[in-house]
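Each remark here refers to the structure printed beneath this line.
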2 protein chains.
Amino acid sequence: MSSAKINAAIDNLKEAGVRITPQRHAILEHLIQSMSHPTADEIYKALEGKFPNMSVATVYNNLRVFKEAGLVKELTYGDSSSRFDCVTTDHYHIICDSCGKIVDFHYPGLDEVESLAESVTGFDVGRHRMEIYGVCPDCKRKH
Amino acid sequence: MSSAKINAAIDNLKEAGVRITPQRHAILEHLIQSMSHPTADEIYKALEGKFPNMSVATVYNNLRVFKEAGLVKELTYGDSSSRFDCVTTDHYHIICDSCGKIVDFHYPGLDEVESLAESVTGFDVGRHRMEIYGVCPDCKRKH
DNA sequence: AGACTAATTATAACAATTATAAAGTAATAA
DNA sequence: TTATTACTTTATAATTGTTATAATTAGTCT
């Protein structure tokens, strides 16, 4: 059950002093339950059945709120629109060049890379991102 | 002198059957000589002295041509507009969270990560991207 | 309840990018 | 050389993702 995750996320938000509105609940729920990495527009469309009057701005506003609370990460790949990902545990993404599918991929953080970068460039390194690209099994099968 | 690089790039394009127009030459030259990683608009503005009539579309078109020829890479970070980078040797980027500066950072490719991802996910892995984020020396000094 | 703050909605604005059509330029063939 | 063709550039309009604004609604606090 992912309702435990949802509750944990909501507790997290409440502690940060964020009000849990029905829209926020629904957006969060959708993000956690859909194993995909939806765009703002996809979330908007997915919820317009439940919330016929909800505005796109609400989706964007709340994604920003969740981001600021550290619950959600914004993924900016080459395509036009950002995708949003619930941060649960540390993981990277592998992306299919053919169909665009994004799959989680767990790997121990690249700490050595960070420390080398720090010494070479003189930056104070805070974090990094990495994505891997290839062709997913489904697309391989379809030749 | 980077004129050698420019000539090499031009030969590359010619072999691929791409016509070298004055605009293309100038865009390429600017990309190679400016050590920065300019946006399409920055390139456009930088060249409007030389080419007062050049259209933004020309910049975008030709960046796409260069990309397809494998000479240029598009970098999509969180900010609104893409940046473009001449592919010379393999390198990663380290980005300042405070001022946005992008610095090249050479590191041996992360081949083990790619092969692990391949075995774990079943993808055929082609490539990967990585960026490191932190605070640059200049911004550190400014506190 | 009344006052205050925050959230949502509807809509407009914006900015990056792409598409279109017309005009120009170079390459090729007769 | 001229005609034909394909490719480029230009100017402009259209699209699209995202953000800003103002008005309305809903929640919170004393």
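Throughout, protein chains are lettered first and strands after them, A, B, ... in sequence-line order, and every chain is numbered starting at 1.
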Here the distance between atom P of D:dT16 and atom CD of A:E42, to the nearest Å, is 15 Å

Query - Derivation and outcome, salt bridge (Lys or Arg N to Asp or Glu O under 4.0 Å), residues B:E42 and B:R83 - result: CA-CA 9 Å; B:E42 280 165 6; B:R83 305 188 154 272; 3.7 Å; yes

_For a 4.5 angstrom cut-off between non-hydrogen side-chain atoms, does A:C86 reach A:L71?_
no

Comparing nearest nucleotides in DNA chain D, the 5'-proximal residue of the pair A:R64, A:S80 is A:S80

Applied to residues 134-143 of chain A, the salt bridge (Lys or Arg N to Asp or Glu O under 4.0 Å) test, sequence neighbours excluded, yields A:K101-A:D138, A:D138-A:R141, A:K140-B:D124

B:L13 CG to D:dC7 P, in whole Å, measures 16 Å

Atom CG of A:D41 and atom P of D:dT19 are separated, to the nearest Å, by 14 Å

Rounded to whole Å, NZ of B:K50 lies from P of D:dT9 at a distance of 15 Å

A:L63 CG to D:dT18 P, in whole Å, measures 10 Å

* Side-chain contact test, heavy atoms from C-beta onward, threshold under 4.5 Å: evaluate it for B:I94 versus A:E118 and give yes or no. => no

Please list, pair by pair, any protein nitrogen or oxygen found under 3.5 Å from a nitrogen or oxygen in nucleotides 2-8 of chain C.
| unit_1 | atom_1 | unit_2 | atom_2 | d |
| --- | --- | --- | --- | --- |
| C:dA6 | O4' | A:R19 | NH2 | 3.2 |
| C:dA7 | OP1 | A:R24 | NH1 | 2.9 |
| C:dA7 | OP1 | A:R24 | NH2 | 3.3 |
| C:dT8 | OP1 | A:T21 | OG1 | 2.5 |
| C:dT8 | OP2 | A:N62 | OD1 | 3.3 |
| C:dT8 | OP2 | A:N62 | ND2 | 3.4 |
| C:dT8 | O3' | A:Q23 | NE2 | 3.0 |

Those residues at least two apart in sequence (or on a different chain) that pass ring-ring contact (aromatic ring centres under 6.0 Å, His included) with A:H37 are A:H93

Atom OH of A:Y44 and atom C1' of D:dT18 are separated, to the nearest Å, by 14 Å

Can you find a side chain N or O atom of B:Y60 that sits less than 4.0 Å from OP1 or OP2 on C:dT17?
-> yes

In A:E131, A:R129, A:H128, the residue satisfying side-chain hydrogen bond (donor to acceptor under 3.5 Å, both in side chains) with A:Y92 is A:H128

Tracing side-chain contacts under 4.5 Å among Ile, Leu, Val, Met, Phe, Trp and Tyr outward from B:L75 reaches B:Y77, B:I95, B:I102, B:Y133

Per-helix bend value, the helix from C:dA1-D:dT30 to C:dA30-D:dT1, C1' rotation axes over five pairs per end, 10° rounding, shows 20°

Salt bridge (Lys or Arg N to Asp or Glu O under 4.0 Å) pairs touching residues 59-76 of chain A, sequence neighbours excluded, are A:K67-A:E74

To the nearest angstrom, the NZ-C1' distance between A:K45 and D:dG17 comes to 12 Å

### Task
Using a heavy-atom cut-off of under 4.0 Å over every strand shown, decide if B:T39 touches base, sugar-phosphate, or nothing.
nothing

Taken to the nearest whole Å, CD/B:E48 to P/D:dA11 is 12 Å

Can you find a side-chain donor-acceptor pair between A:D85 and A:H91 that sits under 3.5 Å? yes

